[in-house]
Amino acid sequence: VDKLIESFHQGDPVALGRLLREVENQTPAGFEILRRSTVKTGHAHIVGITGPPGAGKSTLVGQLCKAWAAKGLNIGVICVDPTSPFTGGALLGDRIRMQELSKLPDIFIKSLATRGNHGGIAASTADIVRMFDAFGKDIVLIETVGVGQVEYDVMGVSDTVVLVNVPGLGDSLQTMKAGIMEIADLYVINQADRAGAEESVRDLQMMIHEMDRKDWEPPVLQTIATQRKGTNELVEAVERHRIYLKDSNLWKAKRQERNEKRLQSLVEGLFSERFHHYIQSNPDTQEHIQQVRNGELDPYSLAPAIIEGILKGKSDKEDI
Ligand SMILES: Nc1nc2c(ncn2[C@@H]2O[C@H](COP(=O)(O)OP(=O)(O)OP(=O)(O)O)[C@@H](O)[C@H]2O)c(=O)[nH]1
Ligand SMILES: [Mg+2]
């Protein structure tokens with residue numbers, strides 16, 4: 001493991017790939033590299049790209065990667081749940097595009113499946129981001145499909161949130177309004193070669209105006225990702241947002257908040273592990289839990305008693 005970590009710090013992409021898998025699977029080696037990497041983080045600009053299935057997020061990610069790579073920047077890409085059930089047909093093309101991308105030097109793509117992940121997607125994403133950051137990536141792009149709770153949480157890991165839509169969204173905007181709609185920093189109407197793009201831009205602008213955001217007025221951009229149209233403007237807008245974050249001190253504040261959140265979720269995870277272990281090794285507690293299930297014992301008394309038992313490291317017989 002030491003050798004692997006050393007190669008990682010020397011910039012070996014093979015070591016990066018292997019350690020990313022360790023981190024994803026939460027192995028001891030994964031935690032070891034995370035422990036040893038924190039001092040090297042804080043540099044990367046984390047950009048989240050989200051929006052409905054098939055909006056063209058991956059195509060845009062590809063264009064952004066090419067533009068930034070041409071500027072000599074190093075990029076990490078995280079695709080959260082790339083096996084979207086909605087776009088079965090587009091998947092193959094997606095994979096080919098991504099393969100093509102990952103052949104470019106200085107671009108590394110990591111897929112992250114949400115299925116079977118109990119530790120929380122946002123937490124896993126945060127750890128992978130941390131790894132890319134420690135590796136020396138300048139930009140980390142996170143693509144998530146959809147606009148549900150998972151995506152919302154994942155976007156909380158980002159500095160800059162880009163919401164991608166397509167022309168003719170109409171009513172769907174209203175339903176999105178409460179969630180991701182309000183945290184996006186940049187709005188993109190992709191597939192602007194389709195009818196209704198101008199109208200969608202106007203609708204969006206009106207909604208943004210109503211939201212009355214403080215210092216940052218989120219721009220609404222039109223792109224045709226497949227023809228590389230409008231993508232330079234998107235690159236520029238993302239860079240403007242980075243400058244805004246740095247000037248307004250939000251850059252630092254977001255990092256502080258994320259670090260604290262990660263600590264909290266780790267403590268909660270460790271505690272819940274201890275909790276399950278404690279129950280397993282305490283038949284008395286199992287009996288008490290059964291009594292709570294039957295409504296014979298109140299959970300309000302048992303909960304603090306269990307906590308106390310865990311803290312005392314008692315292995316048998318506690319009184320409540
Ligand atoms: N006409 C047109 N088609 C586009 C544009 N951008 C992307 N597409 C096509 O739309 C389809 C979906 O593009 P993707 O980039 O895979 O979309 P996505 O949002 O990543 O899709 P999921 O990850 O499956 O949600 C592909 O067939 C693209 O070629 C565009 O600007 N105009
Ligand atoms: Mg995609």
Side-chain angles (χ1 to χ4, degrees), residues 46-69 75-104 107-115 117 121 125 128 139-155 157-158 160-169 172-173 175-176 179-181 184 186-201 204 219-235 237-238:
I46 305 154
V47 181
I49 310 243
T50 192
K57 300 178 294 295
S58 297
T59 315
L60 277 172
V61 164
Q63 301 291 12
L64 290 173
C65 280
K66 281 181 198 156
W68 277 316
I75 304 138
V77 180
I78 306 172
C79 297
V80 180
D81 223 353
T83 53
S84 149
F86 299 100
T87 52
L91 207 70
L92 187 63
D94 206 35
R95 210 171 287 149
I96 289 166
R97 269 197 304 281
M98 287 296 176
Q99 260 170 22
E100 200 183 301
L101 258 192
S102 59
K103 279 193 198 125
L104 292 172
I107 295 180
F108 196 103
I109 298 171
K110 173 71 186 164
S111 295
L112 202 59
T114 58
R115 273 163 301 139
N117 184 323
I121 308 307
T125 308
I128 305 265
I139 296 170
V140 180
L141 282 166
I142 309 172
E143 178 187 337
T144 62
V145 67
V147 282
Q149 185 62 41
V150 168
E151 293 71 33
Y152 189 86
D153 292 344
V154 166
M155 288 300 122
V157 176
S158 318
T160 302
V161 175
V162 180
L163 180 59
V164 181
N165 267 304
V166 292
L169 6 104
S172 71
L173 272 186
T175 56
M176 255 189 245
I180 208 99
M181 215 37 217
L186 302 170
Y187 297 83
V188 173
I189 299 293
N190 187 45
Q191 309 201 8
D193 49 330
R194 285 173 41 190
E198 298 286 345
E199 201 190 326
S200 298
V201 169
L204 267 175
V220 182
L221 304 162
Q222 285 187 59
T223 56
I224 307 173
T226 39
Q227 297 170 28
R228 216 173 186 158
K229 286 203 175 126
T231 49
N232 283 337
E233 286 77 3
L234 177 57
V235 166
V238 172

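For ligands, and for the atoms within them, numbers begin at 1 and follow the listed sequence.
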| field | Polar atom proximity, R194 to ligand 1 (N or O, under 3.5 Å) | value | no
| query | So, for P167 and A197, which heavy atoms are closest and what is the spacing to 0.1 Å? | reply | CB-N, 3.8 Å
| task | Under the side chain to side chain contact (heavy atoms under 4.5 Å, CB included) rule, what do L141 and I49 come out as? Steps first, then yes or no, please. | result | CA-CA 7 Å; L141 282 166; I49 310 243; 4.1 Å; yes
| query | Out of V80, L60, T144, T226, whose heavy atom is nearest to atom 30 (C) of ligand 1? | reply | T226
| query | Counting from 1, what ligand 1 atoms have a heavy atom of P53 closer than 4.0 Å? | reply | 25 (O)
| Would you say E198 and Q222 make side-chain contact, with heavy atoms under 4.5 Å? | yes
| task | Determine yes or no for a side-chain-to-main-chain donor-acceptor pair under 3.5 angstrom, with N190 supplying the side chain and A55 the backbone. | result | yes
| message | Hydrogens and angles aside, do E143 and T50 bring a side-chain donor and acceptor to less than 3.5 Å of each other? | response | no
| message | For the 3.5 Å polar cut-off, considering only N or O atoms, please tell me whether I224 and ligand 1 meet it. | response | no
| Any nitrogen or oxygen of G56, main chain or side chain, under 3.5 Å from a nitrogen or oxygen of ligand 1? | yes
| query | ligand 1 and A225, any nitrogen or oxygen pair closer than 3.5 angstrom? | reply | yes
| query | Does ligand 1 have an atom under 4.0 Å from some heavy atom of E143? | reply | yes
| Short check: any N/O/S atom of T59 below 2.8 Å from the Mg ion (ligand 2)? | no
| side chain to side chain contact (heavy atoms under 4.5 Å, CB included), paired with T125, selected from D153, I142, T144 | I142
| Hey, is CD on Q227 packed in by over 12 heavy atoms from elsewhere, all under 6.0 Å? | yes
| field | Among the N, O or S atoms of E143, the one nearest the Mg ion (ligand 2) | value | OE2
